[in-house]
There are 2 protein chains.
Amino acid sequence: MSPAPHNPNISVDCVVFGFDQDELKVLLIEQTRGPKEKVVIQYALPGDLLFKNEGLDDAAERVLYDLASLKGIYLKQFHTFGDIDRLHAAKDQEWLQTFREDPKARVITVAYYSLVKMDEYEPQAASFAGKAEWVNIEEVPSLAFDHDAILSMGLERLREELETKNIGFELLPKKFTLSQLQRLYEIILAKKLDKRNFRKKLKNMSAIKPLSEKQKGVLHKPAQLFTYKDD
Amino acid sequence: MSPAPHNPNISVDCVVFGFDQDELKVLLIEQTRGPKEKVVIQYALPGDLLFKNEGLDDAAERVLYDLASLKGIYLKQFHTFGDIDRLHAAKDQEWLQTFREDPKARVITVAYYSLVKMDEYEPQAASFAGKAEWVNIEEVPSLAFDHDAILSMGLERLREELETKNIGFELLPKKFTLSQLQRLYEIILAKKLDKRNFRKKLKNMSAIKPLSEKQKGVLHKPAQLFTYKDD
DNA sequence: GTACTTAGTGTACTAAATACACTAATTAAT
DNA sequence: ATTAATTAGTGTATTTAGTACACTAAGTAC
């Protein structure tokens, strides 16, 4: 063990969840490489090195804004990853050399997870970064560095929070139907829920209130729209 | 906002809990200063800067071993504190100058909480550090830097874990009575529990098993001793 | 107006949490 | 040996939360 302290780089990485079309998605940055800048070599979580006069939460907000034009969204720190070799998987060596001065430099990353109302925000790639892309959680490829582990812990935390706190609405439009909310729970928790029991529980929690408005443009009985009470 | 990354120092700080004599205690390092090294100026959580070839968890283990001779104990990362000015409260300026080269240097700290069987380990101060001392959680003075906030979040997490996971035994001797376990819950959660309901719940969880041994040397009916099953 | 689709609703059963009071075993003092 | 003091140990009834389950209602497309 080395007897001297040192000064690693610090980054933040964000696991950004969205829900759309009955699918749980995560926002990934496409890292391209090659002569024509066309060959996709891998995907990574949105992240960046910490700036000098910036708090950790600030950095996470900045990352989401710069890389995906996301602003004012639910954001929560969940774990810090600091293994010595977390950047140095064989698959990442080549890529590291194209982007960083010193591929051996140590980087400790503080991970956040984040919930986005996909109807309100359409991520746009900043020009300097790779393209930001929503990827179905079921179809996420192997990611750069230890981002697989980060994503997987982020997903675990999302599930925990969803079962204990009322955060489901952070992933839905302001106005939503009870069936939408239920599908969200079913998909994230990967289990079927009973419609009547689900609604009974919601009623007891009284966290939502009905609007005087109904669903439109559907080819079946239109559902009552609800919204969250902030009380 | 500064447009350049930088390399702050990284430290780990540990919120170490112990339980003894019906009191929840936390391990603090006494920081002394002055001509005779006798004037106590403040207490701090055990912590140290991260070494070069050391993972975060390793650093936390090292800190506990070096500062308190604690080894092989329950240890869990819970939050990373990175405010720009977290070291720079007015009360800390003087002290910083005596210990660190640059009192303006930024330090980001990864916080752990830790559970200790106090009967097995008696902390001993390493010579180079301040004295390690168990302090009743109710009597903790204002700590150095932002350690008040770290302690307070650590305590919050201890309470959450105690209600959801079976971690109570980490704070008790290997052999314990049900009343001891109940008092531990009562004191940490700061609420009274019903004896019969508490025992009923334990029975259902079947996480403990009775030993063929009874409490000794008490001036009342001796209680059955139990131990945790690891199964 | 018929077929299709999803919305919306109540009741009976089961499991978990709560409220509650007395007897048993030991020590210390007399 | 008896008594006082102290904590250990035990069961039942009630309330609350969770589960299982099936039909009618409101709209669209044809």
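Throughout, a chain's letter reflects where its sequence line sits, starting with A, and its residues are numbered from 1. Since we're looking at a predicted model, the values are computed, not measured.
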Engineer: Could you give the CD-to-P distance, from Glu186(B) to dT7(D), as a whole number of Å?
Structural biologist: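 After rounding, the reported distance stands at 13 Å.
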Engineer: Looking at Glu120(A) and Lys174(A), is there a salt bridge between them, counting it only when a charged N and a carboxylate O are closer than 4.0 Å?
Structural biologist: yes
Engineer: Is any side-chain heavy atom of Leu171(A) closer than 4.5 Å to a side-chain heavy atom of Phe17(A)?
Structural biologist: yes
Engineer: Does OP1 or OP2 of dT6(C) have a side-chain N or O of Ser179(A) closer than 4.0 Å?
Structural biologist: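 The answer is no; no side-chain N or O of Ser179(A) sits under 4.0 Å from OP1 or OP2.
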Engineer: Find out whether Ile208(B) and Thr227(B) are in side-chain contact, i.e. whether some heavy atom of one side chain is under 4.5 Å from a heavy atom of the other.
Structural biologist: no
Engineer: In whole angstroms, how far is the C1' atom of dA8(D) from the CZ atom of Phe176(B)?
Structural biologist: 16 Å
Engineer: Using the side-chain heavy atoms of Lys195(A), tell me which of these nucleotides is nearest: dA7(C), dC20(C), dG10(C).
Structural biologist: dA7(C)
Engineer: Closer than 4.0 Å, any side-chain N/O of Arg199(A) to the OP1 or OP2 of dG8(C)?
Structural biologist: yes
Engineer: List, one per line, each side-chain donor-acceptor pair under 3.5 Å for residues 159-169 of chain B, sequence neighbours excluded.
Structural biologist:
| unit_1 | atom_1 | unit_2 | atom_2 | d |
| --- | --- | --- | --- | --- |
| Arg159(B) | NE | Ile188(B) | O | 2.7 |
| Glu161(B) | OE1 | Tyr74(B) | OH | 3.2 |
| Glu161(B) | OE1 | Lys76(B) | NZ | 3.3 |
| Glu161(B) | OE1 | Tyr113(B) | OH | 2.9 |
| Glu161(B) | OE2 | Lys76(B) | NZ | 3.3 |
| Glu161(B) | OE2 | Lys165(B) | NZ | 3.4 |
| Glu163(B) | OE2 | Lys191(B) | NZ | 3.4 |
| Thr164(B) | OG1 | Glu160(B) | O | 3.0 |

Engineer: Taking the side chain as everything from C-beta on, heavy atoms only, tell me whether Ile150(A) gets closer than 4.5 Å to Arg86(A).
Structural biologist: yes
Engineer: Rounded to the nearest angstrom, tell me the gap between atom NZ in Lys203(A) and atom C1' in dT16(D).
Structural biologist: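 Going from NZ in Lys203(A) over to C1' in dT16(D) covers 18 Å.
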Engineer: Is any side-chain heavy atom of Leu70(B) closer than 4.5 Å to a side-chain heavy atom of Tyr65(B)?
Structural biologist: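 Counting from C-beta outward, Leu70(B) and Tyr65(B) never come under 4.5 Å.
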Engineer: Does a distance-only test, which skips hydrogens and angles, find a donor-acceptor pair under 3.5 Å between the side chain of Asp194(B) and the base of dA17(C)?
Structural biologist: no
Engineer: Whole angstroms only, please: what is the NZ-C1' distance between Lys192(A) and dC21(D)?
Structural biologist: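 Interatomic distance, NZ of Lys192(A) to C1' of dC21(D): 14 Å.
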Engineer: Do Arg196(B) and dA8(D) have a side chain to base donor-acceptor pair shorter than 3.5 Å?
Structural biologist: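 No.
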Engineer: If you restrict it to nitrogen or oxygen atoms, what contacts under 3.5 Å exist between nucleotides 22-27 of chain C and the protein, and what is each distance?
Structural biologist:
| unit_1 | atom_1 | unit_2 | atom_2 | d |
| --- | --- | --- | --- | --- |
| dA25(C) | N3 | Lys221(B) | N | 3.2 |

Engineer: Would you say the ring centroid of Tyr185(B) lies under 6.0 angstrom from that of Phe198(B)?
Structural biologist: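 Yes, the ring of Tyr185(B) comes within the 6.0 Å limit of the ring of Phe198(B), centre to centre.
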Engineer: Could you tell me the separation between the CD atom of Gln180(A) and the P atom of dT6(C), rounded to a whole number of Å?
Structural biologist: 13 Å
Engineer: Gln224(B) near the nucleic acid: base, sugar-phosphate alone, or nothing, with a heavy-atom cut-off under 4.0 Å?
Structural biologist: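 Gln224(B): backbone/sugar contact only, no base atoms under 4.0 Å.
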Engineer: Starting from C1' on dT10(D), measure out to CZ on Phe198(B) and report it in whole angstrom.
Structural biologist: 16 Å
Engineer: Nearest whole angstrom, please: distance from the P of dT16(D) to the CG of Asn197(B).
Structural biologist: 15 Å
Engineer: Are Phe81(A) and Val107(A) packed together at the side-chain level, in the sense that at least one heavy-atom pair is separated by less than 4.5 angstrom?
Structural biologist: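 They are not in contact (no side-chain heavy atoms under 4.5 Å apart), so the answer is no.
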Engineer: Can we call the ring centroids of Phe176(B) and Tyr228(B) under 6.0 Å apart?
Structural biologist: yes
Engineer: Counting C-beta onward and ignoring hydrogens, is there a side-chain heavy-atom pair between Asp148(A) and Ser142(A) closer than 4.5 Å?
Structural biologist: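 Side-chain contact under 4.5 Å: yes.
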Engineer: Mapping Asn204(A) and Lys200(B) to their closest nucleotides on DNA chain D, which lands nearer the 5' end?
Structural biologist: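 Looking at the nearest nucleotide for each, Lys200(B) comes out on the 5' side.
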Engineer: The helix from dG1(C)-dC30(D) to dT30(C)-dA1(D): angle between its terminal axes, five pairs each, to 10°?
Structural biologist: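 Taking five pairs per end, the axes differ by 10°.
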Engineer: Could you state the CD-C1' distance from Glu213(A) to dG27(D), rounded to the nearest angstrom?
Structural biologist: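 So the CD-C1' distance, Glu213(A) to dG27(D), works out to 17 Å.
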